Amino acid sequence: MIEKKQVVQKEEKAVIVGVITKDQTERQANEFLDELVFLAETAGAATVKRFTQRLAHPDRATFVGKGKLEEIHQFIAGRDISLVIFDDELTGSQIANIEKVLKVKTIDRSDLILDIFARRARTAQAKVQVELAQYQYILPRLRGMWSHLERQGGGIGSRGPGETEIETDRRIVKDKIALLRKRLEEIDKQSLTQRKERGEFVRVALVGYTNVGKSTIMNLLSKSEVFAENKLFATLDTTTRKVVFEQTPFLLSDTVGFIRKLPHHLVESFKSTLDEVRESDILIHVVDISHPQYEEQIEVVNRTLQDLKAFEKPTILIFNKMDLYEANTFDQWLEPEVKADILIDLKQNWETKTQGNCVFISALEKRNIEELRKTILDKVSKLYKERFPYKSEFFY
């Protein structure tokens, strides 16, 4: 049996590394690194410096090339830095080669995200999902990065004829993956039964990029106490509450946030959690309009919804954090008329793009929440009427 240790220790000092390829601009690469800094902070690490390298494609041996690796090594030498985080997935051999030069622990974005998920998992389902994703991530990297395996048992019969240590390690991980998949199937059956028991209620799911305020909106609409924090992936476990607007009931679910370069194994492992999105009737796509790249974040979420085959569902686009948007966009000397015109243009532009299916709010200041409630109620009521045209009194 293998014990998976936390990747990032609290208050660990780190440097982050990214490659600018022909497929992206320097601005995009820096945005990815800004997000990586936030991820590192969420995991408990402080970023000391960032390095970027322009390459046609990542170096097969060291990802950034020997010259840049030596530059990073010279910076780390003599400083209290114990962690290097790369923005893209590394192979086991790349990790081994990099650590051989840098002499410090090296991880990539996927490993960092998995570490954050492992810390945040609360329910049995989330814990199994994260553990499964971790072992799936580890399996192809065993030769390069997994030299600290811990086993329970051993002795006679624990190793086949001529079986090497790495083969034994691989067998242990594969057995663990099979066990976790079986356990997850059992949990999935229970979750499916619970969803079926919800009956004829319209189901609404909150979706969006991580840290856009979904849990805060969930608390406002359902008057519940869902954990909300200004960190990435504050919510992992899907929370569902029954909500009633003007005697019209529906089920509202808060789901895990999406992010760029989300590890494939994590999406696969969280399939059952994301079923809440797939099986919902209406999506509330929450957007942090104060973020400089909020339109790119909308695209990331839309692509993920397409992968989940949930993109065509009726969707309300909620632009949250209008208070921050105005603070970042307007200075104190701007005339009120000019400010009003800018806001009108912004809203008219998105109302045209979404055919009126958008609302601008500030969940923190509870601004425009009544319009949000009315918009959701209209969608839910319309859906009930379509489903039960001959039922004169469905609501109770």
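Because the structure is predicted, anything quoted here is derived from the model rather than measured.
A cation-pi arrangement, defined by a distance under 6.0 Å to the six-membered ring centre and an angle within 45 degrees of its axis, is absent between Lys321 and Tyr325. Phe117 does not carry Arg119 over the face of its six-membered ring by the limits of under 6.0 Å from the centre and within 45° of the normal. A cation-pi contact, defined as under 6.0 Å to the ring centre and within 45° of the axis, is absent between Lys242 and Phe201.
Asn320 contributes no side-chain N or O that, together with a main-chain N or O of Ile289, makes up a donor-acceptor pair within less than 3.5 Å. Counting only distance, with no hydrogens or angles, the side chain of Asp108 and the backbone of Leu90 share a donor-acceptor pair below 3.5 Å. Put simply, the side chain of Tyr384 gets close to the backbone of Val202: a donor and an acceptor are under 3.5 Å apart. Formation of a donor-acceptor pair under 3.5 Å by the Lys13 side chain with backbone atoms of Leu83 is not found in this model. The backbone N or O of Asp345 sits nowhere less than 3.5 Å from a side-chain atom of Asn349 that would complete a donor-acceptor pair.
Glu370 and Arg373 are joined by a salt bridge, as a carboxylate oxygen and a charged side-chain nitrogen come within less than 4.0 angstrom of each other. A salt bridge is absent between Arg141 and Asp111; no separation between the charged side-chain nitrogens and carboxylate oxygens falls under 4.0 Å. Ion pair Glu185/Lys182 not flagged as a salt bridge, since none of the NZ, NE, NH1 or NH2 atoms sits closer than 4.0 Å to an Asp/Glu carboxylate oxygen. For Glu35 and Arg260, the salt-bridge test passes: some basic side-chain N is under 4.0 Å from an acidic carboxylate O. Classification of Asp307 and Arg303 as a salt-bridged pair fails, no side-chain N sitting under 4.0 Å from a carboxylate O. Under a 4.0 Å N-O distance rule, the pair Glu279/Lys313 does not qualify as a salt bridge. Asp281 has no carboxylate O lying under 4.0 Å from a charged side-chain N of Arg203, or vice versa, which leaves the two without a salt bridge.
For an aromatic pair to be called close, the ring centres must be under 6.0 Å apart, and Tyr209 with Tyr294 fails this.
Within 6.0 Å of NZ in Lys353 there are more than 12 heavy atoms belonging to other residues, nucleotides or ligands. In the displayed structure, Lys366 atom NZ is contacted under 6.0 Å by at most 12 heavy atoms of other residues, nucleotides or ligands. Surrounding CZ of Arg27 are more than 12 heavy atoms belonging to other residues, nucleotides or ligands, all under 6.0 Å away.
With rounding to the nearest 0.5 angstrom, the CD1 atom of Ile172 is 11.0 Å from the NZ atom of Lys176. For the atom pair CD (Gln134) and CD1 (Ile177), the distance works out to 11.0 Å, reported to the nearest 0.5 Å.
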For Gln94 and Asn97, run side chain to side chain donor-acceptor pair (under 3.5 Å): C-alpha distance rounded to whole Å, both residues' side-chain angles, the deciding distance at 0.1 Å, then the answer. CA-CA 5 Å; Gln94 284 172 334; Asn97 293 335; over 6 Å; no
| Hey, mind stepping through Arg241 and Met218 against side-chain contact (heavy atoms from CB on, under 4.5 Å) and telling me if it holds? | CA-CA 9 Å; Arg241 297 283 184 269; Met218 176 79 170; 3.6 Å; yes
Between Lys214 and Asp254, does the salt bridge (Lys or Arg N to Asp or Glu O under 4.0 Å) criterion hold? Intermediate values first, please. CA-CA 7 Å; Lys214 295 189 304 298; Asp254 185 18; 5.0 Å; no
Between Thr62 and Asp59, is the side chain to side chain donor-acceptor pair (under 3.5 Å) condition met? List the steps. CA-CA 6 Å; Thr62 62; Asp59 184 78; 3.1 Å; yes
Between Glu186 and Arg183, does the salt bridge (Lys or Arg N to Asp or Glu O under 4.0 Å) criterion hold? Intermediate values first, please.
CA-CA 5 Å; Glu186 294 170 359; Arg183 193 181 305 168; over 6 Å; no
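Between Phe63 and Phe86, the ring planes are perpendicular. Angles over 60° get that label, and only those under 30° would be called parallel.
Under a hydrophobic-cluster definition in which Ile, Leu, Val, Met, Phe, Trp and Tyr are linked whenever side-chain heavy atoms come within less than 4.5 Å, directly or via other members, Val15 and Ile20 are assigned to different clusters.
You'll find the side chain of His291 stays beyond 4.5 Å of the side chain of Glu296, heavy atoms only.
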